[in-house]
Amino acid sequence: MGKQKNLDCLILENLRGQDSYISGEELARKLKISRQALWKHINSLSHKGYDIVAVPHSGYKIISTPDKFYPWEVQRDLNTEFIAREVYFYESLNSTQDSSRELGLSGASDGTVVLTDVQTKGRGRMGRSWISPKGGIYFSLLLRPEFLLLEETPQISLLIALGCVKGIKEATGLDVEVKWPNDLIFKGKKLGGILCEINAETDRVHFVVVGVGININSRDLPPEATSLLLGTGKKFRRLDIARKILQAIEAGYLKAQKRNFSAVLKEWSRFCMLWGKRVRVKISNRTIEGEAVNIDERGYLLLRQDNGFIERVSAGDIVKVIPVREGFL
Ligand code: BTN
């Protein structure tokens, strides 16, 4: 389902603004279609999950809207300059990363978003798979960060993680933390992750596809993972969360674009759950340990080792986190 500003959308716009019934005759006239055509569209909206009642002699009234990432729903009241100007939604995909990459190669615009309800071949970092059952938010964002050099692209995943945490907080009031480089942690377990795939040549970045997976109302997850539902016992509206996340991501991105990435890092740092903790990081084929003390201006993790030496880690996977006073077992 691609970008659509179709009749369904116009019908919804008309129904939404109304507390009372809107007569079929009036609506059909306004949209310059027959009453029969209107009825057909109302029917198709019902199939999409919109609860619309039709009462003879009164007309139509909308009772509820589905928690689905239809492009017109994602874009509704979305206060962004360029992110999600183009939105694609699919009930199921292998991976939003693949669709987004194809869009990137065929020249889709900066900020294009691909969302899905389910992924059958979701990908995680380090070649892992990403279990993507119903109930989660899975999207890929196509970015064309012309202002960034290839070595500066780690900035992107940090600002995306920050956008996720802030967006979730705004939509739900819940406190989610970040674990370097870009895991989202809720009540000590992994709630979501970010996968950044870059299309570049030597030092020129053509585009970046950033994939975001967040467990919202999901139940069947691996033991090391959680969802907002599992952590709170409550269900949440994914659409509201996704919109807030997209807005928060754009705010961070615009700061980075204006060369104010330090402001993003400062904020990211406030949400990081590693400070003062001893961590073990796997970097390709070696593992290092130390106390996580800070992050530098490029987004590298600073680890204080036992001999006092500060090691800067550009990329890796945190395999263990222990409060400093306990030390490793
Ligand atoms: C991680 O390993 O922590 C990163 C997980 C990223 C998952 C998201 S879900 C949407 C997008 N499509 C994918 O196949 N992966 C990313």
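Worth saying up front: this structure is predicted, and the values here are computed from it rather than measured. Just so you know, these numbers use all the heavy atoms, side chains as well, and skip hydrogens, waters and symmetry mates.
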Quiz item: Checking Tyr70 side chain against Lys48 main chain: does a donor-acceptor pair fall under 3.5 Å?
Solution: yes
Quiz item: Is any side-chain heavy atom of Leu103 less than 4.5 Å from a side-chain heavy atom of Tyr88?
Solution: yes
Quiz item: Taking NZ, NE, NH1 and NH2 as the nitrogens, is one of them in Asp317 or Arg128 under 4.0 Å from a carboxylate oxygen of the other?
Solution: yes
Quiz item: Checking Gln75 side chain against Ala84 main chain: does a donor-acceptor pair fall under 3.5 Å?
Solution: yes
Self-check item: Heavy-atom side-chain contact between Val212 and Leu141 under 4.5 Å
Solution: no
Exercise. Would you sort out whether Val279 and Leu274 count as a side chain to side chain contact (heavy atoms under 4.5 Å, CB included), showing the intermediate values?
Key: CA-CA 8 Å; Val279 300; Leu274 292 178; 3.7 Å; yes
Quiz item: Mind checking whether Phe82 and Tyr253 have parallel, tilted or perpendicular rings, split at 30° and 60°?
Solution: tilted
Quiz item: Given side chains that start at C-beta, do those of Lys187 and Thr226 come closer than 4.5 Å, heavy atoms only?
Solution: no
Exercise. Might you point out which heavy atoms bring Ser218 and Ser227 nearest each other, and give the distance in Å?
Key: O-OG, 2.7 Å
Practice problem: Answer yes or no: does atom CZ of Arg219 have more than 12 heavy-atom neighbours from other residues, nucleotides or ligands under 6.0 Å? | Solution: no
Practice problem: I would like to know whether Val55 and Lys61 meet side chain to side chain contact (heavy atoms under 4.5 Å, CB included); could you show each step before the answer? | Solution: CA-CA 8 Å; Val55 173; Lys61 187 174 163 179; over 6 Å; no
Quiz item: Looking at Gly135 and Arg238, what are the two nearest heavy atoms and their distance?
Solution: O-CD, 3.5 Å
Exercise. Taking atom types as modelled, find out whether Ser109 and Arg144 have a side-chain donor-acceptor pair closer than 3.5 angstrom.
Key: no
Quiz item: Ignoring hydrogens and geometry, is there a side-chain-to-backbone donor-acceptor pair from Gln97 to Gly211 under 3.5 Å?
Solution: yes
Exercise. Check whether more than 12 heavy atoms from other residues, nucleotides or ligands sit under 6.0 Å from atom CZ of Arg101, and answer yes or no.
Key: no
Practice problem: Inspect the contact between Arg286 and Glu311 and indicate whether a charged nitrogen and a carboxylate oxygen are less than 4.0 angstrom apart. | Solution: yes
Quiz item: Closest approach of Ala161 and Val178, non-hydrogen atoms and distance?
Solution: CB-CG1, 4.0 Å
Practice problem: Check whether more than 12 heavy atoms from other residues, nucleotides or ligands sit under 6.0 Å from atom CG of Asp19, and answer yes or no. | Solution: no
Quiz prompt | Arg259 and Glu152 ion-paired at < 4.0 Å | solution = yes
Quiz prompt | Asp67 (side chain) donor-acceptor with Leu239 (main chain) under 3.5 angstrom | solution = yes
Quiz item: Which distance, rounded to the nearest 0.5 Å, do you find between the CG of Leu115 and the OG1 of Thr96?
Solution: 8.0 Å
Quiz item: Do other residues, nucleotides or ligands put more than 12 heavy atoms under 6.0 Å from the CD atom of Glu146?
Solution: no
Quiz item: Does the side chain of Met273 reach to within under 4.5 Å of the side chain of Lys179, using non-hydrogen atoms?
Solution: yes
Quiz prompt | Whether Thr116 side chain and Gln119 backbone form a donor-acceptor pair below 3.5 Å | solution = no
Quiz item: At what distance, to the nearest 0.5 angstrom, does OG of Ser129 lie from CZ of Arg123?
Solution: 11.0 Å
Practice problem: Output yes when Lys255 and Glu267 qualify as a salt bridge under the 4.0 Å nitrogen-oxygen rule, no when they do not. | Solution: yes
Practice problem: Please determine if Glu291 and Arg304 form a salt bridge, counting it only when a charged side-chain N lies under 4.0 Å from a carboxylate O. | Solution: yes
Quiz prompt | Ion pair Asp98/Lys121, N-O distance below 4.0 Å | solution = no
Self-check item: Nearest heavy atoms of Leu303 and Glu289, plus distance in Å
Solution: CD1-C, 4.4 Å
Quiz item: Okay, side chain of Asn217, backbone of Phe236: is any donor-acceptor separation there less than 3.5 Å?
Solution: yes
Quiz item: Val53 and Tyr21: side chain to side chain contact (heavy atoms under 4.5 Å, CB included), yes or no, with the steps?
Solution: CA-CA 9 Å; Val53 285; Tyr21 287 87; 3.8 Å; yes
Self-check item: Euclidean distance, Leu302 CG relative to Trp180 CH2, rounded to 0.5 Å
Solution: 10.0 Å
Exercise. Answer whether the closest heavy-atom distance between the side chains of Leu105 and Phe207 falls below 4.5 Å.
Key: yes
Self-check item: Closest approach of Ile42 to Ile11 (non-hydrogen atoms, all atoms of both residues)
Solution: CD1-CG2, 3.9 Å
Self-check item: Stepwise side chain to side chain contact (heavy atoms under 4.5 Å, CB included) check, Gln155 with Leu148
Solution: CA-CA 9 Å; Gln155 292 186 9; Leu148 281 188; 3.5 Å; yes
Quiz item: Between Arg29 and Glu26, does a salt bridge (Lys or Arg N to Asp or Glu O under 4.0 Å) hold up when you go through it step by step?
Solution: CA-CA 5 Å; Arg29 195 175 341 107; Glu26 186 189 331; over 6 Å; no
Quiz item: Is it true that atom CD of Gln36 has more than 12 heavy atoms of other residues, nucleotides or ligands lying nearer than 6.0 Å?
Solution: no
Self-check item: Distance in Å, Ile160 CD1 paired with Ile245 CD1, rounded so as to fall on 0.5 Å steps
Solution: 10.0 Å
Practice problem: Would you indicate whether the side-chain heavy atoms of Trp39 and Tyr60 approach each other to under 4.5 Å? | Solution: yes
Quiz item: Below 4.5 Å, heavy atoms only, C-beta onward: do Glu91 and Lys68 meet side chain to side chain?
Solution: yes
Quiz item: What distance separates Leu301 CG from Ile295 CD1, expressed to the nearest 0.5 Å?
Solution: 6.5 Å
Quiz item: At what distance, to the nearest 0.5 angstrom, does CG of Leu162 lie from OG of Ser269?
Solution: 10.5 Å
Quiz item: Can the ring centroids of Phe139 and Phe69 be said to lie less than 6.0 angstrom from one another?
Solution: no
Quiz item: Between Leu12, Leu38, Leu31, Leu45, which is the residue that forms a side-chain contact (heavy atoms from CB on, under 4.5 Å) with Leu7?
Solution: Leu31
Quiz prompt | Asp220 and Lys134 ion-paired at < 4.0 Å | solution = no
Quiz item: Can you find a heavy atom in the side chain of Leu230 that is under 4.5 Å from one in the side chain of Phe186?
Solution: no
Quiz item: Closest approach of Lys282 and Val319, non-hydrogen atoms and distance?
Solution: CB-CG1, 4.1 Å
